[in-house]
Amino acid sequence: MTQLLILLTLPEKVRRQYYDHLRGRFPSITIDMVDHHSKVEPFIGTADILITFGAHMADPVLEKGKKLKWIQALGTGVDGIVDRPPFRDGVVVTNMHGLHADSVPEAAIMLMLALARDLPRALRGQHEGKWERYPARLLKGKTVGIFGVGAIARSLAPKCKAFGMKVVGISSVAREIPGFDRVAHREALGEIARELDFLVLLTPYSPETHGIVSAKVLAAMKPSSYLVNLARGGVVDEDALMRTLGERRIAGAALDVFASEPLPPEHPLWSMDNVIVTPHLGGFHDQYAEEALPTVEENLRKFLVGDIANMVNVVRR
């Protein structure tokens with residue numbers, strides 16, 4: 001009998017959406033579920049399928065998952081899965097490519113507005129009962145650089161345009177893309193950073209993008225500019241960013257992803273008054289499970305009949 005393990009460090013209500021839906025659709029397979037990678041021991045050794053997010057994984061899951069044939073990543077990124085040393089090349093990996101084209105652009109707009117209007121300052125005033133008026137910065141007339149020009153960026157660009165912003169794409173290939181004023185090569189990031197009011201990171205994490213937002217790039221940014229990271233923590237040199245923010249060489253940052261997650265309670269970023277910290281919420285929303293499950297269900301049906309070649313969003317490594 002095929003055995004499936006769901007590993008999700010999410011609220012019980014959310015986990016149950018996946019479990020109950022698949023249990024109802026596939027009564028002939030064994031489905032187990034755990035809420036943390038430390039709890040996989042009773043199930044992972046006999047599991048054929050694993051459903052999880054890369055951020056919820058750990059090396060022992062793959063070390064003990066000797067029978068794993070397929071991993072369904074519930075996010076777009078598969079870092080945390082395919083880049084772990086115990087990962088075996090014969091395991092099929094599928095992801096949720098294109099699923100975040102609504103939620104992450106909304107998060108980007110929200111964070112840009114929160115930075116431009118200094119929302120943390122207003123919330124501190126509310127907490128202290130302090131009435132303080134100060135001018136907000138408009139998005140209108142500002143230039144946003146979007147690093148990574150996939151489905152999410154192509155949804156974000158026209159939304160930025162609606163606010164009257166100039167939109168510059170940054171990619172591994174310079175080309176014309178509708179909705180962008182221009183698209184530049186990522187090798188020119190340091191030069192492009194000089195003209196940006198907002199740098200929004202959406203690029204996938206890879207050896208090529210590791211630490212690409214370096215001390216040099218941060219030093220090139222304007223003192224009035226902001227960084228928004230909705231990509232992966234490893235894309236940014238986090239130590240350099242903390243120095244830059246501490247010395248107020250840029251106006252601020254909104255960070256949804258970090259080099260180490262969960263972000264440790266003692267981490268300095270929590271207490272910086274020019275930083276907005278959100279706990280990897282960019283793609284997580286109230287309709288996520290219902291949007292993800294049709295892909296999971298389709299792939300599971302194909303896997304069970306051996307139609308691996310036609311599974312959806314197979315990751316080519």
Side-chain angles (χ1 to χ4, degrees), residues 8-11 13-18 21 51-56 72-80 94-117 119 139-140 142 144-171 177-181 183 198-205 226-233 235 253-258 261 276-299 312-315:
L8 294 177
T9 307
L10 295 173
K13 182 179 179 180
V14 177
R15 296 199 308 274
R16 295 297 310 190
Q17 284 182 276
Y18 292 95
H21 180 93
I51 296 176
T52 190
F53 285 93
H56 300 176
Q72 172 69 65
L74 291 177
T76 301
V78 292
D79 49 298
T94 53
N95 69 358
M96 288 294 164
H97 178 72
L99 190 66
H100 301 87
D102 294 318
S103 56
V104 175
E106 287 189 16
I109 293 293
M110 180 269 290
L111 292 172
M112 285 195 290
L113 286 169
L115 289 167
R117 293 186 169 267
L119 184 60
L139 297 189
K140 180 183 177 181
K142 301 299 193 300
V144 56
I146 304 176
F147 186 7
V149 293
I152 296 170
R154 294 176 196 221
S155 174
L156 174 59
K159 293 175 173 62
C160 293
K161 282 288 192 181
F163 280 91
M165 304 183 81
K166 179 181 178 181
V167 182
V168 178
I170 303 157
S171 176
I177 300 177
F180 293 80
D181 290 283
V183 177
F198 293 87
L199 174 56
V200 178
L201 306 179
L202 300 176
T203 186
Y205 178 71
Y226 300 98
L227 177 72
V228 177
N229 191 2
L230 287 158
R232 287 292 187 268
V235 171
L255 307 172
D256 188 53
V257 289
F258 305 88
E261 295 185 12
I276 296 172
V277 170
T278 53
H280 208 141
L281 297 176
F284 191 37
H285 58 86
D286 58 345
Q287 300 170 41
Y288 196 93
E290 63 189 70
E291 291 182 4
L293 277 165
T295 297
V296 177
E297 184 176 340
E298 180 178 354
N299 277 341
V312 179
N313 295 336
V314 175
V315 177

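- For Arg15, the CZ atom sits in a packed shell: over 12 heavy atoms of surrounding residues, nucleotides or ligands are nearer than 6.0 Å.
- Glu291 places a side-chain heavy atom less than 4.5 Å from the side chain of His285.
- Closest heavy-atom contact between Asn313 and His97: ND2-N, 3.4 Å.
- Contact annotation: the side chain of Leu111 never approaches that of Tyr226 to less than 4.5 Å [non-hydrogen atoms, C-beta and beyond].
- Without hydrogens or angle criteria, Glu290 side chain to Gln287 main chain gives no donor-acceptor distance under 3.5 Å.
- No side-chain donor-acceptor contact under 3.5 Å links Asp102 to the backbone of Pro105.
- A donor-acceptor distance shorter than 3.5 angstrom exists from the side chain of Asp256 to the backbone of Gly282, with no hydrogens or angles considered.
- Contact of the Leu74 side chain with the Leu8 side chain is registered, since non-hydrogen atoms from C-beta on lie closer than 4.5 Å.
- Residues meeting the side chain to side chain donor-acceptor pair (under 3.5 Å) test with Tyr18, sequence neighbours left out: none.
- Taking each heavy atom of Leu139 and Leu113 in turn, the nearest pair found is CD1-CD2, 3.6 Å.
- Under the 30°/60° scheme for interplanar angles, the aromatic rings of Phe53 and Tyr288 are found to be tilted.
- A side-chain donor-acceptor contact under 3.5 Å links Arg154 to the backbone of Val149.
- Between Phe180 and Val168, the shortest heavy-atom contact is CD2-C, 4.1 Å.
- A 4.5 Å side-chain heavy-atom check between Pro204 and Val235 finds every atom pair outside the cut-off.
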